[in-house]
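Below is one structure, written out as structure tokens; the observations come after it.
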Amino acid sequence: MTATGEAEIIGFGDLAEARVVKDGQIAAMSASLQPLWEALSDQAREAALFRLEVVMEVVTGYREGHAELARPGEPRYPFGPSGASEARRAEAMANYLASEFELDRARSRRRAQGDDSGEPPSSSAIRGWIRRWRDHGLIGLIDGRALKPRQEWNQIDPTYRDVAESMVRAFDGDRSSVNIGELDRRITVALKRAGLDYKPPAKRIKARYLSWLMHTRGSTTRTQKTQSLRKTSGYEHYPAMRPGQVVAIDATRADCLVRDLETGEVFSVEVLTAIDVATRVVLALRVVPKSADAVDAGLLLYDVCRPFSMLVEGTSISDWRWCGLPDQVHLPTTIDGKTNVVPEYDTLQGEHVIPSVMPDAVRSDLGANFKSNHFQDLLASLGIDYLPTRGGRPTDNPHVERFHETLQRAWQQIPGYKGRNTGERGAKVETEALLTAHELEQHLRRFVSLDYHRTVHSGLHVPGEPNTKLTPLEMWDALTEVTGRIDVPQRADMVFDFLPIHWGVIRHDGVKVKGLVYDSECLDAYRNSRKGRFREKDASAPFYRDPHDLSRMWFRDPISGDVHEIPWRGAGLTDAPMTDALVDAAWTIVRNRDGFKRINPEHVRQLLADELSELTTHTERFSEPARIRTARLRRAQSRKDLGEAVDAAARDPLRAAPLVSEAVGSAVVDFDAPWGKLDLGDVGEQL
């Protein structure tokens, strides 16, 4: 259809003038506009479209180029079918534009300041636009300055480019950035030292080239680190297909201060999190002193294997508690033969279950706590694969890292929020009514159960339904219905299997560990045992030793299967927290005071008790006072975890079964058989 409204149907084969044959192939006669148009700046596009409107109105009488798209008042005289010559119409358009430019205050202001770029076009310029439009279409109306080819980097000597690119690649976030002048100096020095001949590039193109190179690396060290990591990052998510297949764990500093009730001191803590990759369900969460150690990591794995629940009744909310074998969180409902995987949560009342899994694999960074012998041995004994991330690449563990960002909602709901950095911290944040570390853990667990698990997660989708919006709990239900439930066999005293084992000889006076003597009447039947009683190479017996509380050890009776507490003989002399760090510090003070002379064991117990008390009350004598506060927090958590296990064991009908003699093949205890290694696999077989 033409501008006058005349329509004509023409077959493609008859459009000979619209196509051309190049190299035996049919090709368009005019150049493609889209790539060129996308490469232009917004200013260049606006200028070209303005010229097109002018040309269209001069030629057709309509700024949109068609009578069907006429604007109010179009066509204006002398444009359109007025009979005026094209030259007269171009002159009339120049006069119209001059009047419009005079009324445009922005253009008038620029002209007053000496900017002549806003001058209205003359009639000859408009006729030139018309000619270029007829020859090249819209491309002909683009400002030639916008189409001016940039200087190509191939004009720079290849030797110089190679050294420059090699030099810029070294900026990976670990090194501080430098300016263009310093970068050019380093390149020149490197070329001279290597004895390479090259043609120095022109100053202007060299500056633009080096500036472009640095721009590709990033303007800050953080973006440079991101660029370097991107080369080794994957392009797809890990295909975790069922709950428990891969569990991601990590530690992060809490963006919230807490207060010690005993001293009133304000300090920071860390949060250990375990999240199921397939469903994004948080399986475990612990608030621990900084920095989290191997025992903290092991107890986090213990929480993963234990189901927990939280009860909401009215306005009261319970803490996470062990709830025995897990129940399904919410079963998907079936409506009209279709599975509805988006159940509605219309109330927070009732029990909120945190399921348990035995992971196939655990993914973490290369932190010392996760790479420790204790944590690695624990994974090996449970048959769990370890998937370490690469050093300095947080994108290898994105799911738990993203959850740390989600925790910002939880931090900002409570007093003591200090922001992500010192620039966001309030001046009086330390004077607020801060939570304790235990109260903070309660708050985070409530946030997980009542907020995070019930919030739609953008990364969760059902295959074939990309627009389905799911919460972590709904995804857990959907996958569990497909894969089935795999519950972890539970035992009340299972927590002891996650503690380090110390092998010590049970003598007439007890067991000696790090200068401390432990004893209990439950060891009477095993004193001075023969070699090979518990292991082949010596007469040592296994004890569960908690580095967070050395005031006691634990011994599993191979006959009854019960776990007994073995206290330190001097436990009644002091109430100070006894961790590895504090006991080592106390021993250092004792040795420095009394030299290396032989000391009576009773005297040693009294000295250690005195020094531990001094370290607790006079923190200025200890080189790292924060360890004392940390020791108290760790001891409190240890006594809570182990105390729950002891109380539950007293009520647990499924007590650990005694060892079975392989020779007899029945439930008859063989007192001479080695003490087997009890782990969750053994317990599973027994149950």
Side-chain angles (χ1 to χ4, degrees), residues 1-8 10 15-20 22 27-111 114-152:
M1 182 177 290
T2 65
T4 59
E6 298 175 356
E8 182 181 2
I10 304 175
L15 294 175
E17 68 278 5
R19 56 187 182 144
V20 67
K22 291 185 178 180
M29 182 172 292
S30 60
S32 176
L33 173 65
Q34 186 68 21
L36 175 62
W37 187 256
E38 293 293 338
L40 296 176
S41 65
D42 293 340
Q43 184 178 3
R45 294 179 195 173
E46 292 176 1
L49 293 176
F50 168 75
R51 294 178 179 182
L52 181 62
E53 286 187 358
V54 171
V55 170
M56 288 293 98
E57 188 168 8
V58 170
V59 174
T60 67
Y62 306 96
R63 275 170 283 184
E64 297 293 343
H66 206 285
E68 297 265 346
L69 304 175
R71 297 183 182 182
E74 290 183 344
R76 297 184 295 178
Y77 182 83
F79 312 116
S82 62
S85 65
E86 187 173 284
R88 182 182 173 186
R89 282 179 282 165
E91 184 175 357
M93 177 59 70
N95 294 332
Y96 274 123
L97 293 178
S99 300
E100 291 179 1
F101 274 47
E102 289 294 336
L103 298 176
D104 190 329
R105 292 187 177 182
R107 287 191 173 95
S108 300
R109 190 179 300 112
R110 289 199 299 269
R111 291 176 63 185
D115 183 3
D116 58 356
S117 60
E119 293 292 332
S122 61
S123 60
S124 60
I126 294 175
R127 289 198 301 271
W129 294 351
I130 296 173
R131 289 193 300 270
R132 292 200 297 272
W133 171 76
R134 285 174 173 158
D135 293 339
H136 306 288
L138 180 57
I139 294 179
L141 299 180
I142 299 175
D143 193 333
R145 290 171 294 184
L147 297 176
K148 184 178 180 180
R150 296 181 179 273
Q151 292 177 301
E152 298 293 340

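For the numbers below, each heavy atom of this structure counts, side chains included, while hydrogens, waters and symmetry mates do not. Sequence positions, counted from 1, serve as the residue numbers for this chain.
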Report task. Using the side chain to side chain contact (heavy atoms under 4.5 Å, CB included) rule, take Arg89 and Met93 through it: C-alpha gap first, then chi angles, then the decisive distance, then the call. Result -> CA-CA 6 Å; Arg89 282 179 282 165; Met93 177 59 70; over 6 Å; no
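The distance from the CZ atom of Arg132 to the CD1 atom of Ile139 is 13.0 Å, given to the nearest 0.5 Å.
The nearest pair of heavy atoms linking Leu141 to Val55 is CD2-CG2, 4.3 Å. The two residues Ala90 and Val58 make their nearest non-hydrogen contact at N-CG1, 4.3 Å. Ala94 and Ser122 make their closest contact through CB-C, 4.0 Å (heavy atoms, listed as atom of the first residue, atom of the second, distance).
The side-chain hydrogen bond (donor to acceptor under 3.5 Å, both in side chains) pairs that include a residue from residues 69-80 are Glu53-Arg71, Glu57-Arg76, Arg63-Glu74, Glu64-Arg71, Tyr77-Arg88, where partners are two or more places apart or lie in different chains. Applying the salt bridge (charged side-chain N to carboxylate O under 4.0 Å, His left out) test to pairs two or more places apart or on separate chains, those with a residue in residues 40-52 are Glu38-Arg45, Asp42-Arg45.
Partners of Ala48 under the side-chain contact (heavy atoms from CB on, under 4.5 Å) rule, at least two apart in sequence or in another chain, are Trp37, Leu138, Ile142.
Between Val54 and Trp133 the shortest side-chain heavy-atom distance does not fall below 4.5 Å.
Under the 30°/60° scheme for interplanar angles, the aromatic rings of Phe79 and Tyr96 are found to be tilted.
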